[in-house]
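What follows is a set of notes on a single structure, which appears directly below.
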Amino acid sequence: MSRYAAREVEPKWQARWADARAFEVSRDPDRPKYYVLEMFPYPSGRIHVGHTRNYVMGDLVARYKRARGFNVLHPMGFDAFGLPAENAAIERGRHPEEWTRENMAVMREQMEPLGLSIDWTRELATCDPEYYGQQQALFLDMLEAGFVARRASVVNWDPIDQTVLANEQVIDGKGWRTGAPVERRELTQWFFRISDMAEELLSAIDGLDQWPDKVRLMQQNWIGKSRGIEIGFPLTEPLGAIDTVLCYSTRPDTLRGASFLAISPDHPLAKALETEQPEIAAFNAECRKTATSEEALEKAEKKGLDTGLAVRHPVYPDQTMPVWIGNFVLMDYGTGAVFGCPAHDQRDLDFARKYGLVVENAFRMPGSDADVDAEALVPPKTETVAYIDHFAGIGETTSQRGIDTTIDWMEARSLGNGVTRYRLRDWGISRQRYWGCPIPVVHCPNCGVVPEKKENLPVALPKDVELTGSGNPLARHPTWAITTCPKCGSEARRETDTMDTFVDSSWYFARFTAPRAKTPTEPAEAAYWMNVDQYIGGVEHAILHLLYSRFFARAMIATGHLPETAAEPFSALFTQGMLTHETYATRLADGRPRWHAPEEVRRSEDGATLVETGELVEIGQPIKMSKSKKNVIAPEDIIAQFGADTARWFVMSDSPPERDVEWTAAGVEGAARFLQRVWRMAAEMPVAPMGTPLPAMEADAEALRKATHKTVAGVTADIEGFAFNKAIARIYEFANAIGKASGAGADLDWARREAFEALARLINPMTPHIAEELWARLGYETMLVDTPWPHWDEDLARDDVITLPIQVNGKKRAELSVARDAAKDEIERLALDDPTVVRFLEGKPPKKVIVVPGRIVNVVL
RNA sequence: GCGGGCGUGGUGGAAUUGGUAGACACGUCAGAUUUAGGUUCUGAUGCCGCAAGGCGUGGGGGUUCAAGUCCCUCCGCCCGCACCA
């Protein structure tokens, strides 16, 4: 019996699938459809085995659903616009498009030997004018339908390169290339008005019952609905036209303890003061040197400056409070001003202690007279607190009731307005970059902002462009922006902003249903194929990409590009874990790590050395595979050595798919060994085709039959539940059972044949090549891609006799074999007769006997 | 800082969702096959203990007949934070 030769077998079946056009699908109203999609990759270079886990998982689902009789759509494409292509241009002088298309070709080539059941005729790349032209058409429709806004917003600005920086390009508050401290700068930008849809996007989360709870929770928190109040604080002396400062608060019940006002450095009042007072101007300028990311703002040291202004307390007009500028107050949230109540907010307390401001309790815990000292008093809103001398007459009640009552009280006296707010901000899509989808509008000196005409789409990117890292390449281009106004025909200038690449990925799933259509989508195709039945990708996209796609789906319905039923485009979501690998590093002279690829390292039990020099290597924790840490494994190396099926089997085994899995050489070898074992087993299988089961079977044959049907039922349930590691464990067990059933006899032969046929079909979604080869060896001329999933007999899959554990006082002391459907009192009687139980009882009656049929017996003494 | 998650033998993990902790696999050990190595096959393998038995799911506390699972608290690691994709 020869070894299974993946290198010859795998290409053979791939060719046969291709010849049969097995994975090219079209709309077929007579068959149920199933749309499975993995988040499409960014073509960053070569893929590593980490990527393959994602595609193999999708392929497993696709092949399984196909066997279950579905018309399966399983497409692939590339998220091809983005920053890394521009970086390659800046650093290596490559044209972004050339670099991107080269990477795409390499990645496609790397994916092919994996044997994925992908319909490559539907391939798309977001940098194709065919794709982004339709995206521009979508944009124009959304503009007309009122989903688009244009207004000022803040960006990271590199003062030396005169360019906008992505958050990623800001390192410790400095520009990545120039090292210059980053400034915040206002720019007029394009926005999608996603915040108008906040309530809808929030309430619809309830319907996403096939999404992970954690993702739904993250989305809810991101949208961040809050009920609060806007309160006007009158200035003791008006400053120009400004006579009140409007604050938003979700904790108006603490208003009694308010001791200062904090406004954003970008608040109109702060800006007004800036012009007169150099000290304030300097402070504000300093504040604006923080990067724009929320993380950077929150982590920055909390600083403030007293403006010298004061406001009156709205409820106690005799009391005045100082107005401070605080670097932690964001102009984008609420009103850009907050009142500080140090006793009941830790940040306010820290601020108050730092600058010597008043700390006064608004409430205490019931029965306590302790004042706030080092820690702010912030009990859960459902907990009862004792308000101190509250203006609305609130005594002991929950904070939630305190808040509601305060809002009512203040509204009744016109001191404030109760409002519902969302944390969700509008989606700024303007990018001052080359490698993205141009925003299809024109700036006309006569007509202002004018949408480009649809017949002029696509507004294509120019090929001749100079990328240096400074300025905006499209704006610098000598001729590209010069055009005529679509309305009046006079000379006008194109918009030089391109779209955020998140826009590209917010509708590609819809485009896959009709990738060559001359409109963004094709109604009949979209109606048939949408929604995506199973979407698979990393948790890192749990918020932004998914939220934007949900917004886009609704906007596409409103503009007639998707059917009403597609509002939630992803019916089921699965977030898979990453593939990790140890890192290997030696130290450079200056102490910085120098990373080494796994193939450069000789790994032994207690350490690692460099293959070439024998130098000792530091072994780092397994982390996500990344080019920069060199801890990547190339799929082609694994395929060359073991074959695609081994790689596929390994990445699906052991770890649950939602968790990270560490790539280890030993694990891969184990996978390869298993496939070889299955291959050897095939040689021992009866070649006779199967007829009907023999009427009477010996016990061992009957036992194997039961194992077969139990396994098929179990693997089916595991795959449906995305428990692929468990499905594989079950298959291992099953293979062990087949291997052990080695006696002679016609009935055992029959059972072994049945078992092995089931085995070949069960491993098919994971390891399709060897499964096809086994199927052919079993004498079948049809391919497994066209073979239905094995069925199972419920009666055979069920155990008639089960083993129940018997506990005494919660500790397992004995076991009991009973009929599966034994009655409760019958089980109790048998348990109390058990010799071990009798010994523990010492002749006394038990205090209590708990019988959970089918589960456990617990005798309490 | 804020939001979310994870933590189980030497290792990856399983545990029917409150009911036998450690399925399955890797590794290790022993035996068989083999000229040898590799392969393959068989068996053992949570820890302590000769045993009876005891201990055991990151640490501490709690609820329960029963806790890996629920609650409180602490520790460690990972992901996201709106211009990375």
Side-chain angles (χ1 to χ4, degrees), chain A residues 3 39-42 44 79 81-84 87 155-156 164-170 189 194 212-215 217-218 220-222 224 292-300 302 328 332 346-347 423-433 500-502 504-505 538-545 547-548 575 577-578 580 605 621 623-624 653-656 658-662 664 666-667 669-671 673-674 676-677 680 714 717 723 725-726 728-733 736 739 803-815 847-850 852 854-861:
Chain A
R3 284 176 67 80
M39 290 178 185
F40 66 164
Y42 178 78
S44 56
D79 190 11
F81 275 137
L83 205 52
N87 292 344
V155 294
N156 299 309
V164 177
L165 296 177
N167 284 332
E168 194 190 45
Q169 297 171 313
V170 179
Q189 309 253 69
I194 189 172
D213 287 342
K214 64 174 173 185
V215 175
L217 190 58
M218 281 191 261
Q220 277 165 7
N221 290 339
W222 187 261
T292 58
S293 81
E294 190 177 324
E295 189 189 2
L297 291 167
E298 289 286 331
K299 278 185 178 166
K302 306 293 175 278
F328 54 90
D332 284 344
Q346 191 59 44
R347 191 183 59 190
R423 205 183 76 98
L424 182 66
R425 307 202 297 259
D426 275 341
W427 173 14
I429 60 159
S430 282
R431 299 291 181 269
Q432 293 68 41
R433 298 189 211 295
D500 178 8
T501 56
F502 268 120
D504 312 340
S505 56
V539 253
E540 65 271 23
H541 296 292
I543 297 176
L544 292 178
H545 162 59
L547 192 62
Y548 291 155
T575 54
M578 291 172 301
T580 63
E605 209 170 302
Q621 285 296 308
I623 53 167
K624 179 182 179 175
S653 58
D654 287 350
S655 273
E658 67 275 14
R659 225 192 279 185
D660 291 352
V661 61
E662 188 190 351
T664 59
E669 282 157 21
R673 251 199 316 270
F674 174 72
Q676 290 294 346
R677 194 169 133 221
R680 281 195 305 275
N725 56 322
K726 285 193 260 171
I728 284 177
R730 224 183 266 278
I731 290 171
Y732 272 116
E733 252 175 300
N736 290 342
T803 305
L804 286 187
I806 305 177
Q807 295 183 333
V808 177
N809 282 345
K811 275 189 190 296
K812 186 193 158 192
R813 299 294 179 183
E815 278 181 351
K847 212 177 271 173
K848 200 170 170 188
V849 180
I850 290 144
V852 185
R855 251 326 108 76
I856 204 163
V857 182
N858 191 8
V859 180
V860 185
L861 300 182

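Chain letters run A, B, ... following the sequence lines, proteins first and then strands; every chain starts at 1.
Across all strands shown, A:Ala666 has heavy atoms under 4.0 Å from sugar-phosphate atoms exclusively, and none from any base. Nucleic acid contact class of A:Thr803 (heavy atoms, under 4.0 Å, all strands): base. Contact annotation for A:Gly428: backbone-only contact, meaning every heavy-atom pair under 4.0 Å involves sugar-phosphate atoms and none involves a base. When heavy atoms are screened at a 4.0 angstrom cut-off, A:Glu733 is found touching the sugar-phosphate backbone but no base atom. Base engagement by A:Phe502 is indicated by at least one non-hydrogen atom pair under 4.0 Å involving a base atom. Among the atoms of the strands shown, base atoms are found under 4.0 Å from some heavy atom of A:Val155. Within 4.0 Å (heavy atoms only), A:Glu815 reaches at least one base atom of the nucleic acid. Among the heavy atoms of the strands lying under 4.0 Å from A:Val852 is at least one base atom, whether or not backbone atoms are also near. A:Gln676 comes within contact range of no nucleotide atom at all, as no heavy-atom separation falls under 4.0 Å. Counting non-hydrogen atoms under 4.0 angstrom, A:Ser655 reaches the backbone sugars and phosphates but no base. Using a 4.0 Å heavy-atom criterion, one finds that A:Asp79 contacts the sugar-phosphate atoms exclusively. A:Pro656 comes within contact range of the sugar-phosphate backbone alone, with a heavy-atom separation under 4.0 Å but no base atom that close. Using a 4.0 Å heavy-atom distance criterion, A:Leu424 is classed as a base contact. Residue-level contact check: A:Gly667 touches neither bases nor backbone, having no heavy atom under 4.0 Å from any strand.
Considering every non-hydrogen atom in both A:Val215 and A:Thr575, the closest pair reads CG2-CG2, 4.0 Å. Contact between A:Tyr732 and A:Ala671 at its shortest, heavy atoms only, is OH-CA, 4.5 Å. Of all the heavy atoms in A:Trp427 and A:Ile194, the pair that sits closest is N-CG2, 3.7 Å. Taking both residues in full, the closest heavy atoms of A:Leu165 and A:Arg433 are given as C-NH2, 4.2 Å, listed atom of the first, atom of the second, then distance. The two residues A:Ala166 and A:Leu83 have their closest heavy-atom pair at CB-CD2, 3.9 Å.
If you check B:U57 for Watson-Crick or wobble pairing at under 3.5 angstrom, you find it has no partner at all. The base-pairing partner of B:U45, taking Watson-Crick or G-U wobble contacts with both distances under 3.5 Å, is B:G27. Look at B:U40: its Watson-Crick or wobble partner, with both distances under 3.5 angstrom, is B:A32. Base pairing analysis places B:C65 opposite B:G19; the two distances defining the Watson-Crick or G-U wobble pair are each below 3.5 Å. B:G1 and B:C81 make up a base pair, with Watson-Crick or G-U wobble contacts both under 3.5 Å.
The distance between atom CG of A:Leu544 and atom C1' of B:C79, rounded to the nearest whole Å, is 13 Å. Distance CG (A:Asp654) to C1' (B:U8): 15 Å, rounded to an integer number of Å. Separating the CD1 atom of A:Ile543 from the P atom of B:G5 is a distance of 11 Å, rounded to the nearest angstrom. If you take CG of A:Asp500 and P of B:C83, they are 6 Å apart, rounded to a whole angstrom. Nucleotide B:C83 holds its P atom 12 Å from the CD atom of A:Glu294, rounded to whole Å.
Summary of the strand contacts: A:Val215 and A:Trp222 both lie near RNA chain B, and taking for each the nucleotide with the nearest heavy atom, the more 5' one is attributed to A:Val215. Nearest-nucleotide assignment on RNA chain B puts the 5′-proximal partner with A:Leu217, out of A:Ile429 and A:Leu217.
Phosphate proximity of B:C78 to A:Lys214: absent, as no side-chain N or O sits under 4.0 Å from OP1 or OP2. The side chain of A:Arg431 places an N or O atom within less than 4.0 Å of a non-bridging phosphate oxygen (OP1 or OP2) of B:C83. Taking 4.0 angstrom as the limit, A:Asn736 places none of its side-chain polar atoms (N or O) nearer than this to OP1 or OP2 of B:C24. For A:Arg673 and B:C26, the shortest distance from a side-chain N or O to OP1 or OP2 is below 4.0 Å. Distances shorter than 4.0 Å separate some side-chain N or O of A:Lys726 from OP1 or OP2 on B:A15. OP1 or OP2 of B:A14 lies within a sub-4.0 Å distance of a side-chain N or O belonging to A:Asn725. The shortest distance between the side-chain N/O atoms of A:Asn221 and the OP1/OP2 oxygens of B:G4 is below 4.0 Å. Phosphate contact (OP1/OP2 of B:A25, side-chain N/O of A:Ser653, threshold under 4.0 Å): absent. Residue A:Arg347 places none of its side-chain N or O atoms closer than 4.0 Å to OP1 or OP2 of B:G1. Between A:Arg730 and B:A15 there is no side-chain polar atom (N or O) within less than 4.0 angstrom of OP1 or OP2.
Nucleotides B:G22 and B:U73 place their P atoms 32 Å apart, quoted to the nearest Å. For B:C84 and B:U16, the C1' atoms lie 42 Å apart once the distance is rounded to whole Å. With P as the reference atom, B:A23 and B:A44 are 12 Å apart, rounded to whole Å. If you take atom P in B:G31 and the same atom in B:G37, they sit 12 Å apart, rounded to whole Å. B:A15 and B:G53 have their C1' atoms separated by 25 Å, with the value rounded to a whole Å.
With sequence neighbours excluded, the residues forming a salt bridge (charged side-chain N to carboxylate O under 4.0 Å, His left out) with A:Arg730 are A:Asp718, listed by chain and number. Contacts of A:Glu733 classified as salt bridge (charged side-chain N to carboxylate O under 4.0 Å, His left out), with partners at least two apart in sequence or in another chain: none.
The glycosidic torsion of B:U17 lies within 90° of 0, which places this base in the syn conformation. With a glycosidic angle further than 90° from 0, B:G12 counts as anti.
For A:Pro805, taking side-chain heavy atoms from C-beta onward, the closest of the listed nucleotides B:A14, B:G1, B:U20 is B:U20. Here the side chain of A:Val539 is nearest to one of B:A66, B:C79, B:G1, namely B:C79. Nearest nucleotide to the A:Asn167 side chain, out of B:C83, B:C65, B:C41: B:C83. Of the listed nucleotides (B:A23, B:U40, B:C83), B:U40 has the atom at the smallest distance from the side chain of A:Arg680.
A:Glu658 has no carboxylate O lying under 4.0 Å from a charged side-chain N of A:Lys214, or vice versa, which leaves the two without a salt bridge.
Note on ring orientation: taking the six-membered ring where Trp is involved, the planes of A:Tyr548 and A:Phe502 are perpendicular (angle over 60°, cut-offs 30° and 60°).
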